[in-house]
Structures are given as structure tokens and as C-alpha cells.
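Reading through the C-alpha cells given below for one structure.
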Amino acid sequence: MVARRKVAVVGVALSDCGRVDDATPYALHAQAARRALADAGLDRTIVDGFASAGLGTLAPVEVAAYLGLRPTWVDSTSVGGSTWEVMAAHAADAIAAGHARAVLLVYGSTARADVRAGRRTGTLSFGTRGPLQFEVPYGHTLIAKYAMAARRHMIEYGTTIEQLAEVAVQARANAALNPEAMFRTPVTVEDVAAGPVIADPFTKLHCCVRSDGGAAVLLVAEEYVRDCRTSPVWVLGAGECVSHASMSEWPDFTVSPAAVSGRLAFGRAGVRPSEIDVAEIYDAFTYMTLVTLEDLGFCAKGEGGAFVEKGRLLVRGGELPVNTDGGGLSAQHPGMRGLFLLVEAVRQLRGECGARQARRGDGSLPRLAVASGTGGWFCSSGTVVLGAG
């Protein structure tokens, strides 16, 4: 039996993000990819694996062609925001098994610019085919589904709207330390409550920003690490799970598929949630952060509200720094944001985050990080545990 190779992330990068009115999604893909390769100090000729989703009719064929790549291993898994954690898991397995030596994951979107230019509307529609045909006629929008789930948690466990608002407040505090974040002005719980209602119980600041931007992550087999300019960040374990296609098929609105993907990832990595130093969690809405913290095992079910209080998620002084760049609530959210979670987790483990750099209790750099993405309306989850080199 052939021994499985260790897999490391050696290159990460973002494209220009936030307000980008003069670039196409393809250009943002290319910009992020070039920067990730430069970060690793490797030439694109090493890339024999490629993963992309969300752009073109034949993703990742079109994007690979645009980048001048001819991969012999490809992945176009598309499960919403968790796509990139799931793809990272697939890429790590492929590299470990010897099916690829270097896999590039790339994403880019001009979601904000498209709305401003009239190329698309502000309302995201998944169509009316399949199981969705039973929900769409009743006006059950994407955000309404998350709002329903949040309300169920509030009824079931006494979670308050102020506790949910704390997630937005602390995300903004972390964003204030990030010069690349789209919104950096501090907000209070009162500010969150005073905003216009988008879908009860969510006001505007409970919801992610709309931005442009791209990201790229390069994974390689262990024998190529010595050729890189960066310190490796090792993929220790990963898990994935799909849950339901429609809300009526979701057994419990208070339990996300991260409960499964997290258990698998931590078990395969051989670490406990209590050992994690930094968590990057998909946060299209405040409730996603809270319930994912519960499901990953950072607190018991129903205790997420109390857990997020008292600044626990802050980079500065928090017990568990969460979404250290400001997350989708404040930094950037161009669509399927899961790849940005991996970029930030790697940068934190490499100690490259400047004012927003998380530290352990003894002042040392973090050693373990988790990135957990959620897709659809809690339909899918991918979780990846990373360790510093």
C-alpha cells in the first residue's frame, strides 16, 4: 500500500476586494491566482490540479483556460458557501493519494458591481425547479430561511436578538483592525437594533455586506514545501456533509450540518475543539456564526447566545478569535465566501495579519485553526482543520 503524502497550503491571496467597478470576474480569478502563486514562490507550471465553481458554463474548464492551465485533476463541486472547504478536502485527498502534486483553488465575483451596473438584481434566486417549487410560491426567500432558523433558536433556547447582534458588533471590531475590510467603523448593539428590518428578526447589520472580490489557495504535496518561500500550513483533517434541499426536510432548524462536518474534521485531525486557537466561520448572517460555534463543539447546544457575549469572538482579548478579518458581515462577501475563510486562517497561522493578528494566552502565534463554510440555507457544510508548520 502506498503511503499517503502530507498536504500543505503554501500560497494564499485575495484579489482586489470591496468596491471593484473596473474588473471582470475572470480578471479577479487571475489576479488572485497570480498572487497566490507569488505568495508561495512557485511557477504556475507546477499546478496540475484545479478547482473552481460559480463562473462560466463549464467551470472549471473556462477559468482554467483563462488562466492558461491544463490540469489533469479538476473539481467543480458547487454547494454554495461551503464549496471551498469541500474542494480543499477533495484536493487534499487527491494530493495525498498521488493523483495531483499541486492544486489551485480560485474564486472571483463582481456581485456588487453587477448590481450597480444593472447586470443583475439584488435578489438572489435559485429558480423554481425541483424541491424549491414547493417553497417559492409562498415568497420564501433565502434570507427568510435563515431568519426562520434564527427565530426557532430564539424560541427553543431563549437566545436574544441582543446576543445575535453581538456577533455583528464583534465582527466589526475585528474589521476595524483590517485595512482591507469594506466597513471598519465600530457599531454597537443599539446600532444593529436600530437598522431597517430585512427579514424578522434580522435588521440590516445582521446581514452580510455585498462586495466584489476573489481569493485563491494553493495546496501542494509535502515534497514541494521546501521549494516554497512561505511556511507551510498543514491540512490536518476535513469533513463535509449535506443536509436538506428544502426547509420542510430539515429535521431541526437549530442544528446545522456543521455538527457532522466538524465532528469528522476534528476526528480526522486528532484534535479537540478546545485546542483551536482561531475560527473562521461562514457568516452571511449573525445566526450562522452562533449556531456553527455550537455545532463545532465550542459550546453546548443552546448556549451559543451566552458564548458570544462579553467579547469572546474578538481578536483583541477574545477567548476564541472568530472571523478575524471582519468576516462576511464587515470585511467582504462577494458570494460563495468559503475560500476567504481558508485564506484568513492560513494568514493567522503564519502570523501575517498585523493589527488583527490573534495570539494565544502566552502571546505566541496560533497553532491550530478551523475554517467552516456553510452553503445554501444550511444545506451543506465543509470544515477544515489546519495546523501551523
Side-chain angles (χ1 to χ4, degrees), residues 53-54 77-86 111 121-161 163-165 167-168 196-208 210 239-264 281-296 301-305 308 328-329 333 335-338 372-383:
T77 298
S78 185
V79 286
S82 63
T83 290
W84 308 102
E85 282 69 34
V86 172
T121 66
T123 302
L124 177 64
S125 173
F126 286 90
T128 59
R129 302 172 68 178
L132 294 181
Q133 67 184 292
F134 302 110
E135 296 181 351
V136 170
Y138 301 97
H140 203 185
T141 62
L142 176 68
I143 186 173
K145 296 177 182 184
Y146 283 99
M148 279 183 62
R151 181 61 73 184
R152 182 72 252 169
H153 199 280
M154 296 169 76
I155 293 170
E156 196 78 19
Y157 297 109
T159 305
T160 68
I161 194 64
Q163 289 171 332
L164 288 171
V167 175
V197 175
I198 306 300
D200 182 61
F202 295 151
T203 58
K204 182 178 179 179
L205 292 178
H206 283 279
C207 308
C208 65
R210 181 188 294 276
E240 57 197 83
C241 176
V242 295
S243 178
H244 52 276
S246 63
M247 296 293 282
S248 63
E249 296 170 337
W250 189 1
D252 188 341
F253 286 9
T254 69
V255 179
S256 79
V260 176
S261 69
R263 174 175 52 79
L264 293 173
I281 293 173
Y282 207 96
D283 62 339
F285 307 100
T286 52
Y287 176 62
M288 298 176 74
T289 302
L290 184 148
V291 76
T292 304
L293 286 167
E294 292 181 348
D295 292 336
L296 291 180
K301 178 53 61 181
E303 296 180 3
V308 301
L329 292 170
H333 198 302
M336 297 189 292
R337 192 179 178 272
S372 188
T374 302
W377 36 97
F378 288 108
C379 301
S380 65
S381 176
T383 302

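No hydrogens, no waters, no symmetry mates; every other heavy atom, side chains included, goes into these values.
Of all heavy-atom pairs between Thr292 and Ser372, the closest is CG2-OG, 4.0 Å. Gly239 and Leu264 get closest at one heavy-atom pair: CA-CB, 4.0 Å. Scanning both residues, Leu142 and Gly376, for their nearest heavy atoms gives CD1-O, 3.9 Å. Nearest approach of Ala147 to Asp200, heavy atoms of both residues: CB-O, 3.2 Å. Nearest heavy atoms, Arg151 versus Pro201: NH2-CB, 3.4 Å. Heavy atoms only, all atoms of each residue included: Ser381 and Val86 are closest at O-CG2, 4.3 Å.
If you take CG on Leu164 and OG1 on Thr159, they are separated by 6.5 Å, rounding to the nearest 0.5 Å. Note that CE of Met148 is 5.0 Å distant from CE of Met247, once rounded to the nearest 0.5 Å. Here the OG atom belonging to Ser243 is positioned 10.0 Å from the CG atom belonging to Asp252, to the nearest 0.5 angstrom. In this structure, OH in Tyr282 is found 3.5 Å from NE2 in His333, a value given to the nearest 0.5 Å. For the atom pair Leu290 CG and Tyr157 OH, the distance stands at 11.5 Å (nearest 0.5 Å). Atom-to-atom distance recorded for Thr83:OG1 and Arg337:CZ is 14.5 Å, nearest 0.5 angstrom.
Using a 4.5 Å heavy-atom threshold, the side chains of Ile281 and Met288 count as separate. In this structure, Tyr146 and Thr141 have side chains that are not in contact, with every pair of non-hydrogen atoms separated by 4.5 Å or more. The closest side-chain heavy-atom distance from Thr289 to Val308 is not below 4.5 Å.
Although no hydrogens or angles enter the test, the distance criterion places no donor-acceptor pair under 3.5 Å between the side chain of Ser246 and the main chain of Pro131. The closest donor-acceptor contact from the side chain of Trp377 to the backbone of Ala245 lies under 3.5 Å.
One side chain, Thr286 or His206, offers a donor N or O that lies under 3.5 Å from an acceptor on the other. If you check the side chains of His153 and Glu294, you find a donor sitting under 3.5 Å from an acceptor.
Taking the six-membered ring where tryptophan is involved, the planes of Phe378 and Trp250 are tilted, since the angle between them lies from 30° to 60°. Under the 30°/60° scheme for interplanar angles, the aromatic rings of Phe202 and Phe285 are found to lie parallel.
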Problem - From CA spacing to verdict: side-chain contact (heavy atoms from CB on, under 4.5 Å), Thr374, Ser256 - result: CA-CA 9 Å; Thr374 302; Ser256 79; 5.6 Å; no

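The distance between the ring centers of Phe253 and His244 does not fall below 6.0 angstrom.
Lys301 has a carboxylate O that lies under 4.0 Å from a charged side-chain N of Asp295, or vice versa, which qualifies the two as a salt bridge.
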